[in-house]
Trainee: 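My questions will all concern the structure given below.
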Amino acid sequence: MKNIHVILIGYRDPTIIDRAIASLQHIGSRVEGVSVLGEKEGAKKDASTYKIRFIKEIQNNLSMNLASLIQTISTEYIMLLHEGDCLTANIKRVMLNLSKHQHILGYLRKVKNVTIHYPFLVRTAFIKRTTFFSRYRLPFSEALMPAWLASIQNEGASIIEGSFITSMKNQGAASGQAIIEFIEKYQKRPAFEKQSPSLSIIMAHFNMEQYVGTSISSCLLQTSPAEEILLMDDGSTLHAYKELEKWSAHPGVKIFRKENGGKARALNDLLPQIETDFVLEIDADDWLDPDALIVIRNQLLHLSEDAVVLYGNLRTWKQKESGNLQFKGIRKGYPVRNKKELISYRFPLGPRIYRSQALKTNGFPVVEFEDGRMYEDVSVLNSLLREGNLVYKDFTVYNVREHPASITKRNRSSWNDFLKFLD
């Protein structure tokens, strides 16, 4: 009975596509058709007797493309193969049927000594009901399916072991390892003390529609959720605002809009909405690790009373024209005790977790330079130094995206002019 539709996700090499399709011969009697997401020229479209669809990704949005594709499939099961996976003859030993209470079979994939859980065989009716793929955007296509599997781990999912899949993908050294370590965090559930302080997230958004979905998704897909997520649109175009507005129906997310006045004013307008002990600021083009809030909460447990800001390290990525991200490295933070050390800091201090009361009392200063539209992070930290301590701890949960549209990147030459206005 041909009751399985196979989807190849993230395949970029035509030769590997051909090998993956050829490997389906081991279950040929069950395969109704094959869809390849992310076609590259050169794949042998006539290399198989299966009904094959090659689907180019639109707007570099794997989540939306996958969601649309799934709705067109009518077979009982969908088989998901990822980034160069090919079946081996051992697949014949696997029972490719799900019991009444099963919705998903997953498998363990070992990459660079890290074991990641991937979904393999899913009931089509079940995966059609999920809103995950149409709702969330992730920074790496490789993270999509492990993140989804982690999100529904208690809904009839089981893991099978065995050497029935082999991977032909060649992971890039630095970027590949950093991505795998990021993905692994979706399936971990570290413990944290329940009496830890409450924590919310704030964001000011201005015309970052290309990236804001990834940023918000990272806030929502936390292993320990934030008490609230407060988003202020600072007079973006209607198109950019509508991209932000998509998240308004999500529980815990509150969206506000104002005329453009710069990031400091936008964040100030959010301050009255904060009801938690601490607040994490995130930029609309950056994103958090899946375990970021657990790590931060554990750090806050031991924070001294005179601390007004907690910060750590930054993981940096370069946005490539292809849509991929290149890992650049981790910028290790260090203690900042006064204004001189703050203005000589080698990079933006972050992630910044503010004590809410201190931030609400102080506010984000709107300095005369550029009408307060630049370096608001330095301005507020300089001001808060008068109220208490900036405390550095060695943790890395925040990801910075370097791209040409960044305001700071476009205006680095103005730093010395800004310092003349800093009290």
Side-chain angles (χ1 to χ4, degrees), residues 138-140 143 174-185 199 201-205 208 211-212 214-219 221-222 226 263 267 278-300 303 307-320 324-337 341-354 359 364 374-382 384-385 389-412 415:
L138 280 78
F140 317 106
S175 293
Q177 182 65 32
I179 291 171
I180 289 300
E181 290 172 358
F182 176 90
I183 294 172
E184 185 186 26
K185 295 181 179 183
L199 179 64
I201 298 173
I202 57 173
M203 175 198 296
H205 168 260
M208 280 291 164
Y211 304 125
V212 70
T214 298
S215 185
I216 297 173
S217 293
S218 77
C219 297
L221 294 174
Q222 288 291 311
K263 191 173 179 181
L267 292 173
F278 289 86
V279 59
L280 163 66
E281 180 193 349
I282 183 172
D283 284 347
D285 47 357
D286 298 336
W287 71 91
L288 303 173
D289 284 5
D291 62 347
L293 299 191
I294 280 184
V295 172
I296 291 170
R297 282 185 164 115
N298 284 331
Q299 293 290 344
L300 292 176
L303 198 65
V308 292
V309 175
L310 168 71
Y311 66 102
N313 312 316
L314 300 174
R315 191 184 295 108
T316 60
W317 303 82
K318 182 178 181 180
Q319 183 68 54
K320 308 290 283 185
N324 294 329
L325 288 156
Q326 177 186 349
F327 178 60
K328 294 190 66 178
I330 293 176
R331 299 175 178 175
K332 295 278 284 187
Y334 52 86
V336 169
R337 291 156 294 205
E341 292 178 347
L342 175 64
I343 63 177
S344 64
Y345 207 75
R346 298 190 307 270
F347 43 83
L349 184 150
R352 296 181 296 281
I353 302 98
Y354 302 98
L359 182 61
F364 287 83
M374 290 181 60
Y375 306 118
E376 82 295 327
D377 55 335
V378 180
S379 295
V380 70
L381 293 172
N382 180 59
L384 285 171
L385 273 169
N389 295 324
L390 313 183
V391 176
Y392 166 74
K393 296 293 183 180
D394 187 11
F395 65 95
T396 310
V397 297
Y398 191 96
N399 298 273
V400 176
R401 186 195 305 264
E402 296 183 353
H403 58 94
S406 168
I407 293 176
T408 303
K409 187 177 181 65
R410 296 198 310 262
N411 294 278
R412 284 178 178 168
W415 171 252

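All figures in this text were calculated on a predicted structure; none of them were measured in a lab.
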Trainee: Does Phe395 have any ring pair (Phe, Tyr, Trp, His ring centres under 6.0 Å) partners at least two apart in sequence or in another chain, and if so, which?
Mentor: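 Residues passing ring pair (Phe, Tyr, Trp, His ring centres under 6.0 Å) with Phe395: none at all.
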Trainee: For Lys328, enumerate each residue passing the side-chain hydrogen bond (donor to acceptor under 3.5 Å, both in side chains) test, keeping only those at least two apart in sequence or located in another chain.
Mentor: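 side-chain hydrogen bond (donor to acceptor under 3.5 Å, both in side chains) check on Lys328 returns Glu402.
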Trainee: Check side-chain hydrogen bond (donor to acceptor under 3.5 Å, both in side chains) between Gln222 and all other residues, then give those that pass, not counting sequence neighbours.
Mentor: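 So Gln222 forms no side-chain hydrogen bond (donor to acceptor under 3.5 Å, both in side chains) with any residue.
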Trainee: Apply side-chain contact (heavy atoms from CB on, under 4.5 Å) to Leu385 and list each qualifying residue two or more places apart in sequence or on a separate chain.
Mentor: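 Result, side-chain contact (heavy atoms from CB on, under 4.5 Å) vs Leu385: Leu342, Leu390.
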Trainee: List in chain and number order the residues that pass side-chain contact (heavy atoms from CB on, under 4.5 Å) with Thr396, two or more places apart in sequence or in another chain; answer none if no residue qualifies.
Mentor: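 Counting only residues at least two positions away or on another chain, Thr396 forms a side-chain contact (heavy atoms from CB on, under 4.5 Å) with Asn313, Arg315, Ile330.
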Trainee: Just to verify, what does Tyr334 make a ring pair (Phe, Tyr, Trp, His ring centres under 6.0 Å) with, not counting sequence neighbours?
Mentor: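 Once residues adjacent in sequence are excluded, the partners of Tyr334 under the ring pair (Phe, Tyr, Trp, His ring centres under 6.0 Å) criterion are Tyr345.
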Trainee: Could I get the full list of side-chain contact (heavy atoms from CB on, under 4.5 Å) partners for Glu184, not counting sequence neighbours?
Mentor: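 Once residues adjacent in sequence are excluded, the partners of Glu184 under the side-chain contact (heavy atoms from CB on, under 4.5 Å) criterion are Val114, Ile116, Gln187, Lys188.
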Trainee: For Tyr398, what residues pass the ring pair (Phe, Tyr, Trp, His ring centres under 6.0 Å) criterion, not counting sequence neighbours?
Mentor: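 If we apply the ring pair (Phe, Tyr, Trp, His ring centres under 6.0 Å) test to Tyr398, skipping adjacent residues, there are no hits.
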Trainee: Sequence neighbours left out, what passes side-chain contact (heavy atoms from CB on, under 4.5 Å) with Ala226? Give chain and number order.
Mentor: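 So Ala226 forms a side-chain contact (heavy atoms from CB on, under 4.5 Å) with Ile201, Ile229, Leu293.
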Trainee: Just jot down the salt bridge (charged side-chain N to carboxylate O under 4.0 Å, His left out) partners of Glu281, sequence neighbours excluded, or say none.
Mentor: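 With sequence neighbours excluded, Glu281 shows a salt bridge (charged side-chain N to carboxylate O under 4.0 Å, His left out) to Lys263, Arg352, given in chain and number order.
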Trainee: Under the side-chain hydrogen bond (donor to acceptor under 3.5 Å, both in side chains) test, which residues partner Trp317, sequence neighbours left out?
Mentor: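 Only Asn399 meet the side-chain hydrogen bond (donor to acceptor under 3.5 Å, both in side chains) criterion with Trp317.
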Trainee: So, using side-chain hydrogen bond (donor to acceptor under 3.5 Å, both in side chains) as the criterion, who are the partners of Gln299 when residues are at least two apart?
Mentor: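 By the side-chain hydrogen bond (donor to acceptor under 3.5 Å, both in side chains) rule, Gln299 matches no residue at all.
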